[in-house]
There are 2 protein chains.
Amino acid sequence: MNKIIPNISVDCVVFGFDSSGLKVLLRNRKLECPETGQLLINDHTITGFHVYEGEDLDSAAQRTLFNITGLTGIYLEQFYAFGSVERVNSEKEKCWRSYNNLGISDHVFSVGYLSLVDSTKIKPDQEHADVSWMPVDNLPELGFDHKEIIAKALERLRLKVRLEPIGFELLPEKFTLREMQELYECILGTSFDRRNFRKKIGQMKYVIPLNEKQKGVAHKPAQKYIFSRDVYERTKIEKLDFSI
Amino acid sequence: MNKIIPNISVDCVVFGFDSSGLKVLLRNRKLECPETGQLLINDHTITGFHVYEGEDLDSAAQRTLFNITGLTGIYLEQFYAFGSVERVNSEKEKCWRSYNNLGISDHVFSVGYLSLVDSTKIKPDQEHADVSWMPVDNLPELGFDHKEIIAKALERLRLKVRLEPIGFELLPEKFTLREMQELYECILGTSFDRRNFRKKIGQMKYVIPLNEKQKGVAHKPAQKYIFSRDVYERTKIEKLDFSI
DNA sequence: TTGCAAAGTGTAATAATTACACAACATGTT
DNA sequence: AACATGTTGTGTAATTATTACACTTTGCAA
């Protein structure tokens, strides 16, 4: 049995994307009073867990991510460490700990990881009924300091997406340029001229058109594209040129 | 008396700049065998210390930074958390701990901070004889995983310097355009055309020329400039436009 | 007075970015 | 069968940013 380190955890902000925008994978947390049955806590948290003894941060984050998504090999990046004294010490969290204390410290330092997944690969409803995608621009009530953690993750995502082609991690393997444009628009909160956007993408040799079209749409079907990391690595130039 | 948290520390990479390039502030660490007097360890470390109970990460970093520089209000930014299992468990570090163990865990998670100081404000020789500026491109032997930490700090500095006007933190209050250009050249490892660089800086309203010139130089003295954060905050545009 | 070393300055060529409108197409509806 | 709908796919001209490049000025030291 793995022993947890009582004062160190990882928290993983899992981003997904679909036609209605950018999402975060959250778990519903409920606590009801054993005597009265009253709902003491009913909020949401990102997924996280204490680091095990003898485990390093990245492994702990991968483990945590696997537990909620059932997937391995997904994009995962450490982005910030959170260590404020109050982060697990609000009244609500004291209450939570009083019912769930498993030898956990009252000052837990948590290392935040940011993960990007193709949301079509996850069917959260099946495996964990308490897990769901929530829109980043309309989050429910969150536990701990998870609002702050998500905000910081989003900030990092916005930065990173302009510097590296990580947007593709959020798209299905085959995607249309419209999907790609919508993704970038909703991450960056801007809108692009369609022709200029396409011109720009056209220059990216690593975004490769397929001989395949959308099906079952009530309009002219769009061509599908794939991203080639391989071509990207070979042709990338050291420049902040992903700003679109 | 403050009690330390045995498994959590902060490490602070302090960067400075002078005419010979970019520097890191390092402390010489020596350990001699109490019996034989033999030098068991003679290397360098960045400055760091365990977090105290009830203290948060930023405060711990500020405290640590003050201890080595004697300065407050300096640029300080968290950049990465290090938690590999081996980081304090090499033969050398086991040896160090066997002589200096103050209730320290054998798996210490360290949060890396990056600090930028005007090196003219620090006279390391006076206060601590064991502290000195070392060139980043020619580092001595380093303890713990500090080589990796410095590398990561440098990577972050290179990124950040293109996105925000933090370079000025490394310059004296009044500086010449040549100093500024040399700073950017040595951080980014490139060289700029002098006229184009000046043209670019000319557009930055927050780099303000003074009615003051260099003195005591054996050539045409250069005009001095200051950076105004105030003007910057007012005029900044959301764009990755600091790439020069 | 002369030599030295760095400061300070402008222009033309090239490349990148922006703004903008219409025909083609697959489907669902009448 | 014809039509309505909604989205795809495409080019050009104007503007702006980037690059490459050479000579005169200045203050001090010898």
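So that the names make sense, note that chain A is the first sequence line, chain B the second, and so on, each numbered from 1.
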Would you state whether a donor and an acceptor, one from the side chain of [X] and one from the base of [N], lie under 3.5 Å apart?
{"X": "K213(B)", "N": "dT26(D)", "value": "no"}
{"X": "R194(B)", "N": "dG8(C)", "value": "yes"}
{"X": "K199(B)", "N": "dT19(D)", "value": "yes"}

| N or O in side chain of R195(A) less than 4.0 angstrom from dA19(C) OP1/OP2 | no
| message | Are more than 12 heavy atoms, taken from residues, nucleotides or ligands other than E212(A), located less than 6.0 Å from that residue's CD atom? | response | yes
Does [X] reach a base, just sugar-phosphate, or nothing at all? Heavy atoms under 4.0 Å.
{"X": "Q223(A)", "answer": "sugar-phosphate"}
{"X": "R178(B)", "answer": "sugar-phosphate"}
{"X": "A218(B)", "answer": "base"}

Atom-to-atom span, [atom1] of [X] to [atom2] of [N] - whole angstrom:
{"X": "Q203(A)", "N": "dA15(C)", "atom1": "CD", "atom2": "C1'", "value": "11 Å"}
{"X": "K220(A)", "N": "dC25(C)", "atom1": "NZ", "atom2": "C1'", "value": "5 Å"}
{"X": "L177(A)", "N": "dT10(D)", "atom1": "CG", "atom2": "P", "value": "10 Å"}
{"X": "N196(B)", "N": "dA22(D)", "atom1": "CG", "atom2": "C1'", "value": "13 Å"}

| request: Heavy atoms only: give me the nearest S119(B)-G16(B) pair and the separation to one decimal. | output: CB-CA, 4.3 Å
| query | When you look at L154(B) and L22(B), which way does the side-chain contact (heavy atoms from CB on, under 4.5 Å) test go after all the steps? | reply | CA-CA 10 Å; L154(B) 195 52; L22(B) 196 61; 3.8 Å; yes
| said: Please confirm whether the ring centroid of F168(B) lies under 6.0 Å from the ring centroid of F175(B). | reply: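 When the ring centroids of F168(B) and F175(B) are compared, they turn out to be within the sub-6.0 Å range.
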| message | Both H219(A) and R198(A) contact DNA chain D. Which one's nearest nucleotide lies toward the 5' end? | response | H219(A)
